[in-house]
Number of protein chains: 2
Amino acid sequence: MRRESTQRATGLAKAKQNLKWQRDPEGMRLRILEAAKQEFSAHGLAGARVDRIAAKAGANKRMLYYHVGNKDELYLAVLEGAYDKIRSEERGLDLEHLDPPEAIRRLIEFTWNYFLRNPEFLSLLQTENLARAKHLKRSTKVKSMHSPFVEMIRTVVRRGVDSGDFQVAVDPVQLYISIAALSFFYLSNSATLSVIFGRDLLAKDAKDERLAHMVGLVVAALTGRSAALFEIAKAPKSRAAVAQTV
Amino acid sequence: MRRESTQRATGLAKAKQNLKWQRDPEGMRLRILEAAKQEFSAHGLAGARVDRIAAKAGANKRMLYYHVGNKDELYLAVLEGAYDKIRSEERGLDLEHLDPPEAIRRLIEFTWNYFLRNPEFLSLLQTENLARAKHLKRSTKVKSMHSPFVEMIRTVVRRGVDSGDFQVAVDPVQLYISIAALSFFYLSNSATLSVIFGRDLLAKDAKDERLAHMVGLVVAALTGRSAALFEIAKAPKSRAAVAQTV
DNA sequence: ACAGTATTTATCCAACGGGTTAATTACTCC
DNA sequence: GGAGTAATTAACCCGTTGGATAAATACTGT
């Protein structure tokens, strides 16, 4: 019954009988990781329940240990997968061929939309940081995938300075952290912020407003032309300016 | 033994004999909340252990329930205390009497230094957001303490626009969220960011650099004069520019 | 068709963790 | 100095939870 929903990962897909049940190790592993992602992001590391993960994956608890490992290893696997996904999508942004201010806007919009589309990513990072990156430090995969990304941003900044669009050569790492921060904090803390400020920060209009604000802030700072950009920000009626990036 | 360290809250302080032990309900409550703050911020909500809190407070587990309540109530009490503390310090910032750009710089520096001095505050907020503000929503105290704060910022922005220092009248809530975001994300995620970017973001120089970057970014965006500010940012040798705000 | 292996299930358990109960001790006020 | 109350302690309860064991079942190559 449960096997009907998961395609066999092996292309051969024999479409066998399922008199009782079929085996599906690859599919099982994926379902476990997906279930674990949901569980860890919903309840944190300590709050996550191994049994719930198993149930959600339509599996037996023993399967987790068989296919991945104990709770911590499972968590690290999920985390690595999450980083892999965002960095690989970023690689497709193609910032090299845009003029610098547009490239920055694009990066901000992508980051914002990615975080919106993948709220579990935010939770996972929060959880990992509460654990002071204990797990991530043991990962070799993750460290390697970031220098190309930084170089991509560095190039944009340099091009912007050369063309006269940008007034300063900011450190690409600082810039990216700031861009990520503006989206990340707003979204990851939207629950408490909504309470203390008495606004629903996740309402459609509020989100549009936020994106416009962030783009205005960063691009204005880099180019020195604040007024024009922020004015756009004040009347974000047109959905075009807020289009999905991916 | 343990009572020697805590002054009696009742001014009368009889300096009695401590043949065995004295009572100290107020002190006990404070010690419990302090211990709970540490425990919750170090391990999150689910990861926190009631027994450890008791031990750390030099108390019996039963005391927590007697003086505060169950784990959730304890957590909410800690959270409310944390909000109370930062908002009350902010009230002393006296932004009204500074010229607008300086006031913004001051707010950024305060926020940054406060987060640096109170890392548990960051953890607590992260934890609460992972719980989708479930506890905070039940709190009546917290909601009320924020509108004055927003008005304070609104006034600064308005003055800045009137004086011509600022080129745009940004929404004070957006502005504050952005200011908080730039510091919060950097610090709360410093563990994972340090790993993926291969830099120690908490090293002294890195922190100075970050503060300069944030001030440059925000003030430049508001005033439209990026170059000057960011140039300062690139040579933050003088500690004066990075002085403690509180 | 059969032996061997990979995958999955059905149980079990010891430690843990939040919370409670009941007894004990310090303090207050008369 | 003693009754009544507030604060504190010690011990226990019981559902939960991560993890382990061993048996069963599907699959593979021969």
Side-chain angles (χ1 to χ4, degrees), chain A residues 1-4 6 8-10 12-33 35-36 39-40 43-77, chain B residues 1-4 6 8-10 12-33 35-36 39-40 42-77 135:
Chain A
M1 34 177 169
R2 87 170 171 269
R3 297 316 156 76
E4 287 143 16
T6 49
R8 300 216 57 179
T10 55
L12 310 177
K14 300 190 180 176
K16 278 273 192 65
Q17 82 300 351
N18 53 356
L19 295 172
K20 283 191 161 182
W21 48 270
Q22 303 173 4
R23 291 179 169 183
D24 184 8
E26 311 88 357
M28 178 62 98
R29 184 161 206 275
L30 291 180
R31 270 179 296 134
I32 288 173
L33 288 176
E39 177 72 10
F40 282 125
H43 302 283
L45 184 50
R49 292 294 165 255
V50 172
D51 291 282
R52 276 201 298 252
I53 295 174
K56 216 172 299 181
N60 186 287
K61 185 167 50 164
R62 180 66 180 82
M63 293 285 82
L64 312 191
Y65 297 90
Y66 182 76
H67 285 286
V68 189
N70 64 22
K71 197 181 182 186
D72 272 7
E73 298 177 60
L74 191 50
Y75 173 72
L76 177 57
Chain B
M1 35 173 170
R2 85 167 172 271
R3 299 315 157 78
E4 286 142 18
T6 49
R8 299 215 58 176
T10 56
L12 309 177
K14 297 188 183 178
K16 278 272 191 70
Q17 81 301 352
N18 56 354
L19 295 172
K20 284 191 161 183
W21 50 269
Q22 303 173 7
R23 290 179 171 183
D24 183 10
E26 310 89 356
M28 177 63 96
R29 184 160 205 275
L30 291 181
R31 269 178 297 136
I32 288 173
L33 288 176
E39 178 71 10
F40 282 125
H43 303 283
L45 185 50
R49 292 295 167 255
V50 171
D51 291 283
R52 277 200 297 252
I53 295 175
K56 217 173 298 183
N60 186 287
K61 182 166 53 165
R62 182 67 180 77
M63 293 285 82
L64 312 190
Y65 296 89
Y66 182 77
H67 285 286
V68 189
N70 65 21
K71 197 181 182 184
D72 272 5
E73 298 177 58
L74 192 50
Y75 174 71
L76 177 57
H135 311 84

- Message: With side-chain contact (heavy atoms from CB on, under 4.5 Å) as the criterion, how do B:H43 and B:R52 come out once you've worked through the C-alpha distance, each side chain's angles and the decisive distance to 0.1 Å?
- Response: CA-CA 11 Å; B:H43 303 283; B:R52 277 200 297 252; 3.6 Å; yes

- Query: Step by step, would you call A:L74 with A:Y65 a side-chain contact (heavy atoms from CB on, under 4.5 Å)?
  - Reply: CA-CA 9 Å; A:L74 191 50; A:Y65 297 90; over 6 Å; no

- Item | Spacing of CD belonging to B:E26 relative to NE2 belonging to B:H67, to within rounding of 0.5 Å | 9.0 Å

- Rounded distance (Å) that lies between atom P of D:dG18 and atom CZ of A:F40: 9 Å

Short heteroatom pairs, N/O only, protein and nucleotides 11-13 of chain D, under 3.5 Å:
none

- Message: Using the rule given for side-chain contact (heavy atoms from CB on, under 4.5 Å), can you reason through B:L45 versus B:H135, listing the C-alpha separation, both sets of side-chain angles and the distance that settles it, and then say yes or no?
- Response: CA-CA 11 Å; B:L45 185 50; B:H135 311 84; 3.3 Å; yes

- Item | From CA spacing to verdict: side-chain contact (heavy atoms from CB on, under 4.5 Å), B:L64, B:N70 | CA-CA 7 Å; B:L64 312 190; B:N70 65 21; over 6 Å; no

- Task: Check whether any side-chain nitrogen or oxygen of A:H67 sits under 4.0 Å from OP1 or OP2 of C:dA6, and answer yes or no.
- Result: no

- Please give, in whole Å, the distance from C:dA6 P to A:R29 CZ? 17 Å

- Whole-Å distance, B:Y65 OH to D:dT9 P, equals 16 Å

- Rounded to whole angstroms, how far apart are OH on A:Y66 and C1' on D:dA23? 15 Å

- Query: So which of residues 46-55 of chain A are in contact with DNA chain C, with a heavy-atom cut-off of under 4.0 Å?
  - Reply: none

- Could you give the CG-to-P distance, from B:L74 to C:dG18, as a whole number of Å? 11 Å

- To the nearest angstrom, how far is B:M28 atom CE from C:dT25 atom P? 17 Å

- Query: When you measure from the side chain of A:K71 to the backbone N and O of A:A48, does any donor-acceptor pair fall under 3.5 Å?
  - Reply: yes

- When you measure from the side chain of A:R49 to the backbone N and O of A:A46, does any donor-acceptor pair fall under 3.5 Å? yes

- Could you state the atom-to-atom distance from CE of B:M63 to C1' of C:dA23 in whole Å? 13 Å

- Message: Looking at A:E39 and A:K56, is any side-chain nitrogen of the basic one under 4.0 Å from a carboxylate oxygen of the acidic one?
- Response: yes

- Item | Length of the line joining B:Y75:OH and C:dG19:C1', which is rounded to integer Å | 20 Å

- Message: A side-chain contact here means heavy atoms from C-beta on lying under 4.5 Å apart; do A:F40 and A:I53 qualify?
- Response: yes

